[in-house]
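For reference, the structure discussed in these notes is given below.
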Amino acid sequence: MRLGYPCQNLTLSASTNHSLRLKSLSNQDRVHDAIRRNLEGLESILKWNTNQGWRLFRIGQHLVPFGSYPDFPFDWVDYYGPALERIGRQAQYLRQRLSMHPGQFINPGSPDKDVRSRGLAELRYSATALDLLGASDGVIVLHLGGAYDDRQAAKDRFTDCLASEPQILKYLALECDERTWPITDVVEVANRLGIPAIVDTLHHRINPDQLSLEDAFNLAFPTWGDRRPKIHLSSQDPDKMTGAHSARIEPDDFELMLRVLPRRDVDVMVEAKDKELALSFQKEAAVV
DNA sequence: CTGAGTCAAGGAGTA
DNA sequence: TACTCCTTGACTCAG
């Protein structure tokens, strides 16, 4: 089992998610500044991870802030491609598996075609970043989004929107959510698109569709084929609404996951507010 | 100077 | 209809 965490490192005070206000996007100096800080953060985090034994990292979606917007002020692929290729080679040398996770605003299943096309742009931006990084085992994690009072139509639109997007599908994996789409629906859509499905342990507990966690793993893992499966591990914040991530992982949640995992060559993305600090107590289990 | 509020993005849920 | 939540760093503004 290998472990990782998303977006930033609190120990290093490093982030890959520096951004700017949309109003400042025309100020190229500010854009370059944010990107440079994100690339520096990424490089230092990857090095630190390998030294600590952590093997996964999710890049912040603002790596190139508003990189998917049509009025982005310059050709970021041209300008930062060489730097991304260099950092990507380093990531491979350090054996770090990279991922990205477009937010809840990315909805390929939306009935609104403008929402769909903005979503496609964000997914293409994410895939291009992973392409430049040479992340052959990279993953773009996405939720199915809304149901729009017609679940079947929403799933059909989602599938149709992405069916002819090989650049995106190469990386895309679909994750269950705590409210609308349990792992059963996610696996169904993933199979239709020929892509993998991700079980999130907290989301699954809240929205299980009558499946045990073990059932959910057994349903999702075959969608990965020869690729190494990924799952998400998180715990409920007791003071916040259902589904909110806590600062650390409850030992019980970790132990349940370990007990029912059908195989050990799994990558576990730990989603916790304390980021890399939430991984420490599990170090003894992080055996490659 | 600090802390509170707003902002980019879409949808679901509640009152 | 209008509000909140999901996330989080940037930025504004009141005090």
Side-chain angles (χ1 to χ4, degrees), chain A residues 5-10 12-42 45 58-73 99-126 140-151 153-155 157-158 161 174-182 185 200 202-203 205-207 232 234-247 269-276 278:
Chain A
Y5 58 95
C7 296
Q8 62 185 143
N9 181 298
L10 303 179
L12 297 172
S13 292
S15 169
T16 58
N17 226 14
H18 294 286
S19 187
L20 55 146
R21 295 289 258 265
L22 192 50
K23 265 186 275 184
S24 309
L25 189 58
S26 54
N27 183 336
Q28 295 206 19
D29 289 345
R30 302 273 296 279
V31 181
H32 284 296
D33 193 52
I35 298 173
R36 276 195 289 264
R37 291 170 74 195
N38 288 334
L39 294 179
E40 282 166 22
L42 177 58
I45 288 170
R58 179 192 300 164
I59 299 168
Q61 209 57 28
H62 286 302
L63 180 71
V64 179
F66 305 106
S68 70
Y69 277 50
D71 49 351
F72 188 84
S99 59
M100 296 182 76
H101 190 357
Q104 67 270 45
F105 309 107
I106 306 309
N107 287 292
S110 173
D112 182 332
K113 74 170 167 42
D114 292 334
V115 173
R116 289 200 302 274
S117 76
R118 281 197 291 274
L120 278 176
E122 182 71 12
L123 291 165
R124 288 187 191 119
Y125 146 77
S126 310
I140 298 173
V141 181
L142 187 67
H143 293 288
L144 279 180
Y148 313 95
D149 292 324
D150 186 342
R151 301 175 67 80
K155 288 191 279 191
R157 276 194 305 271
F158 190 98
C161 181
L174 305 179
E175 182 192 356
C176 60
D177 65 74
E178 76 278 22
R179 174 174 300 183
T180 309
W181 302 108
D185 287 305
D200 179 297
L202 177 59
H203 294 163
R205 195 171 71 212
I206 299 165
N207 190 14
H232 289 178
S234 58
S235 290
Q236 174 66 47
D237 186 323
D239 301 323
K240 296 207 175 145
M241 65 180 292
T242 303
H245 292 158
S246 61
M269 176 62 65
V270 175
E271 294 187 323
K273 295 223 186 310
D274 281 357
K275 306 298 179 189
E276 85 285 356

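So that the names make sense, note that chain A is the first sequence line, chain B the second, and so on, each numbered from 1. Given the structure is predicted, the values throughout are model-derived calculations rather than measurements. Atom set for the values below is all heavy atoms of this structure, side chains included, hydrogens, waters and symmetry mates excluded.
Comparing the P positions of B:dC7 and C:dC3 gives a spacing of 13 Å, expressed to the nearest Å. A gap of 12 Å separates the P atoms of B:dG5 and C:dC5, to the nearest Å.
For C:dT8, one of the phosphate oxygens OP1 or OP2 lies less than 4.0 angstrom from a side-chain nitrogen or oxygen of A:Lys275. For A:His18, a side-chain nitrogen or oxygen approaches OP1 or OP2 of C:dA10 to under 4.0 Å. Using a 4.0 Å cut-off, some side-chain N or O of A:Gln8 falls inside it from OP1 or OP2 of C:dG9. Taking only side-chain nitrogens and oxygens, A:Ser110 comes nearer than 4.0 Å to OP1 or OP2 of B:dG11.
Relative to the side chain of A:Arg21, the nucleotides B:dA12, B:dT6, B:dA9 differ in distance, and B:dT6 lies closest. Comparing C:dT7, B:dA12, C:dC6 against the side chain of A:Ala147 picks out B:dA12 as the nearest. Of the listed nucleotides (C:dT7, B:dA8, B:dG11), B:dG11 has the atom at the smallest distance from the side chain of A:Val115. Comparing atom distances between the A:Leu20 side chain and each of C:dA10, B:dG11, C:dT7 picks out C:dA10 as nearest. Listed candidates were B:dT6, B:dG11, C:dT7. Nearest to the side chain of A:Tyr148 is B:dG11. Closest to the side chain of A:Lys23, out of C:dG9, B:dA8, B:dG10, is B:dA8.
Judged purely by atom type and a 3.5 angstrom limit, A:Asp177 has no side-chain atom pairing as donor or acceptor with the backbone of A:His203. Remark: side-chain polar atoms of A:Asn38 are paired, donor with acceptor, to backbone N or O of A:His62 under 3.5 angstrom.
Side-chain contact annotation: A:Glu122 with A:Ser68, donor-acceptor N/O pair under 3.5 Å present.
Within the 4.0 angstrom heavy-atom criterion, no nucleotide atom of any strand lies near A:Gly103. Within the nucleic acid shown, A:Ala34 has no heavy atom closer than 4.0 Å to any nucleic acid atom.
The nearest whole Å value for the distance from the CG atom in A:Asp274 to the P atom in C:dT8 is 12 Å. Going from atom CG of A:Asn17 over to atom C1' of C:dG9 covers 7 Å, rounded to whole Å. In this structure, CH2 of A:Trp181 is placed 12 Å from C1' of B:dG11, rounded to the nearest angstrom. Per the geometry, NE2 belonging to A:His143 stands 15 Å off P belonging to B:dG11, to the nearest Å. A:Arg37 has its CZ atom 10 Å from the P atom of C:dG9, to the nearest Å. In this structure, the CD atom of A:Glu178 is 12 Å from the C1' atom of B:dG11, given to the nearest Å.
Remark: A:Asp71 CG is packed, more than 12 non-hydrogen atoms of other residues, nucleotides or ligands lying under 6.0 Å away.
Sequence order on DNA chain C of the closest nucleotides to A:His245 and A:Ser19 puts A:His245 first from the 5' end.
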- Task: Apply ring pair (Phe, Tyr, Trp, His ring centres under 6.0 Å) to the pair A:His245 and A:His232, showing each step before the final yes or no.
- Result: CA-CA 12 Å; A:His245 292 158; A:His232 289 178; 8.7 Å; no
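With values rounded to the nearest 0.5 angstrom, A:Glu175 atom CD is found 4.5 Å from A:His101 atom NE2.
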